[in-house]
Amino acid sequence: MDVPKQTFEHLSTFNNCHQIPDGWKVSCANSECTMHQLSPYIGKLKSTIAKSLISTYSKPGDTVVDPFSGSGTIPLEARLQGRHVFASDISPYAGLLSRAKLFSPGSMDEALAQAEEMFYESQSVEEPDLEKVPDWVRKFFHGETLSEAIRFAEVCKHRKSSDFIFACFLGILHHQRPGFLSYPSSHLVPYLRDKKYPREQYPEMYEYRELRPRLMAKVKRAYKRFYGYPQNVSGVFEESSVDSIALPRQFECIITSPPYMNALDYGRDNRLRLWFIDPVSAVSVDHNQSQQKKGFELVLAALAEKIDKSLTSGGYAVFVVGDEISRSYVSHPSEVVVKIMLENSSFLRLENVFTDVIPDIRRSRRDYRGIKSEHFLVFKKVM
Ligand SMILES: C[S@@+](CC[C@H](N)C(=O)[O-])C[C@H]1O[C@@H](n2cnc3c(N)ncnc32)[C@H](O)[C@@H]1O
């Protein structure tokens with residue numbers, strides 16, 4: 001049966017978008033599952049929003065897909081709510097966090113025992129030659145701490161099923177607080193805060209920082225509000241670009257936040273953590289083509305076709321898209337996403353659009369005048 005195609009020009013929905021429901025905005029730092037706080041990620045979705053989208057647009061037992069999973073917020077919430085999960089992302093750091101959240105050890109005691117074992121294994125790894133470590137990495141750490149950290153990362157890289165502990169380690173890599181490994185620096189994007197905390201005035205912030213107690217404390221924090229996953233739901237993560245990924249043959253819901261074109265640079269902003277995962281990827285993720293407009297459009301077009309084919313009839317595709325407005329430049333990736341979805345699918349219809357204005361506090365760099373609003377684009381498959 002032929003169904004009339006929706007075109008961007010004839011959309012009234014996009015012009016009449018709604019403010020997001022109040023419940024989506026509820027603060028979650030003291031109530032969300034603490035696994036969400038494993039390690040920071042730029043462009044991370046608020047877990048209350050992920051939770052609301054999942055409960056509104058899918059039901060228990062459904063398969064929820066997130067092909068731009070980033071730090072794994074949607075996959076974790078989906079799994080906690082009894083959905084099967086298929087997640088993917090191009091970045092090794094995103095992959096590590098997504099897997100860590102989807103497949104964490106069954107209990108805190110198990111995780112602590114694993115961390116302990118890995119720490120002792122790292123003690124027998126050969127001392128690294130710090131002269132060979134790039135300056136931009138070295139300047140973040142006391143030499144002894146860096147040596148311990150490199151040896152521990154080696155164990156994480158070579159040991160099976162160590163993603164959760166590796167993610168905990170990356171989560172304590174840099175910050176200005178005492179529970180972290182670096183000299184005083186920011187937590188999200190790595191830059192030193194040595195002007196605010198000069199070495200002469202704060203010598204204790206520049207001393208050796210022992211890894212083991214900090215790692216153990218981090219593992220405990222991760223389990224503070226985590227009560228296990230519901231039974232009988234599966235999780236899959238694939239590290240791949242969206243254009244080459246094979247999505248499940250059938251799924252009931254896709255909820256995802258695509259990269260914001262040029263607005264965020266996942267390679268540069270995660271560079272220190274990426275260096276510990278793989279020094280080569282720390283450089284190459286910078287050139288990720290989907291951050292350019294053309295690449296972004298191609299990747300989304302490929303995704304639209306896959307969704308059209310495999311989303312079940314009546315299923316929802318929800319896109320969370322940041323729009324960038326600065327004094328000199330206005331860009332609306334959400335319009336681009338709507339156009340591409342409608343042009344490259346036969347059965348997707350834009351059913352609803354919600355909008356949210358993001359306060360300055362969530363912006364990630366001081367000089368960054370980027371995303372100011374977020375659109376939630378809700379498509380439904382009509383047959
Ligand atoms: C806005 S972030 C997702 C954030 C995520 N929802 C969260 O809560 O952490 C977009 C993600 O798209 C990923 N990405 C960029 N280009 C990609 C591509 N071609 N294929 C798959 N993932 C890609 C980036 O690595 C980034 O993690």
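Counting starts at 1 for both ligands and their atoms, in listed order. Worth saying up front: this structure is predicted, and the values here are computed from it rather than measured.
Heavy atoms of Gly322 come nearer than 4.0 angstrom to ligand 1 in no pair at all. Under a 4.0 angstrom heavy-atom cut-off, Ser69 registers as being in contact with ligand 1. A heavy-atom separation below 4.0 Å is not found between Ala50 and ligand 1.
Classification of the Phe152-Phe169 ring pair by plane angle, with boundaries at 30° and 60°, yields tilted. Ring geometry for Tyr206 versus Tyr183: interplanar angle of 30 to 60°, hence tilted.
Under a cut-off of 6.0 angstrom, the local environment of NZ in Lys309 is sparse, with at most 12 non-hydrogen atoms contributed by other residues, nucleotides or ligands. Open room surrounds CG on Asp22; 12 or fewer heavy atoms of other groups in view lie less than 6.0 Å from it. Counting non-hydrogen atoms of other residues, nucleotides and ligands closer than 6.0 Å to CD of Glu126 gives a total of 12 or fewer.
Atoms of ligand 1 lying under 4.0 Å from at least one heavy atom of Thr73, given by number and element, are 7 (C), 8 (O), 9 (O). Heavy-atom proximity to Gly43, at under 4.0 Å, picks out these atoms of ligand 1: 1 (C), 4 (C). Taking a cut-off of under 4.0 Å to the non-hydrogen atoms of Ser71, the atoms of ligand 1 that pass are 7 (C), 8 (O), 9 (O). Near Ser91, meaning under 4.0 Å from one of its heavy atoms, ligand 1 places the atoms 25 (O). Residue contact check: Ser257 has heavy atoms under 4.0 Å from atoms 1 (C), 2 (S), 3 (C), 4 (C), 5 (C), 6 (N), 10 (C) of ligand 1. Short contacts between ligand 1 and Pro259, defined as distances under 4.0 Å to a heavy atom of the residue, involve ligand atoms 10 (C), 12 (O), 15 (C), 16 (N).
Considering backbone and side-chain N/O atoms, Ile90 comes within less than 3.5 Å of an N/O atom of ligand 1. Ligand 1 has no N or O atom lying under 3.5 Å from any N or O atom of Ala94, backbone or side chain.
Ion pairing between a basic and an acidic side chain is recognised when a charged N comes within 4.0 Å of a carboxylate O; Glu116 and Arg212 show such pairing. A salt bridge is absent between Arg209 and Glu144: the closest approach of a Lys/Arg side-chain nitrogen to an acidic carboxylate oxygen does not fall below 4.0 angstrom.
Distances from atom 18 (C) of ligand 1 to the heavy atoms of Gly295, Ser241, Ser47 put Ser241 nearest. Nearest residue to atom 27 (O) of ligand 1 from Tyr93, Tyr41, Phe68 is Tyr41 (criterion: closest heavy atom). Comparing heavy-atom distances from atom 25 (O) of ligand 1 across Leu97, Asp89, Ile245, Leu45 singles out Asp89 as nearest.
Side-chain atoms of Ser186 come within 3.5 Å of backbone atoms of Val189 as a donor-acceptor pair (strictly under, hydrogens ignored).
Heavy atoms of Pro67 found under 4.0 angstrom from ligand 1 belong exclusively to the backbone.
Taking the ring centroids of Phe164 and Tyr223, they lie under the 6.0 Å cut-off.
Between Tyr93 and the choices Ser39, Ser71, Ser98, the side chain to side chain donor-acceptor pair (under 3.5 Å) rule is met once, by Ser39.
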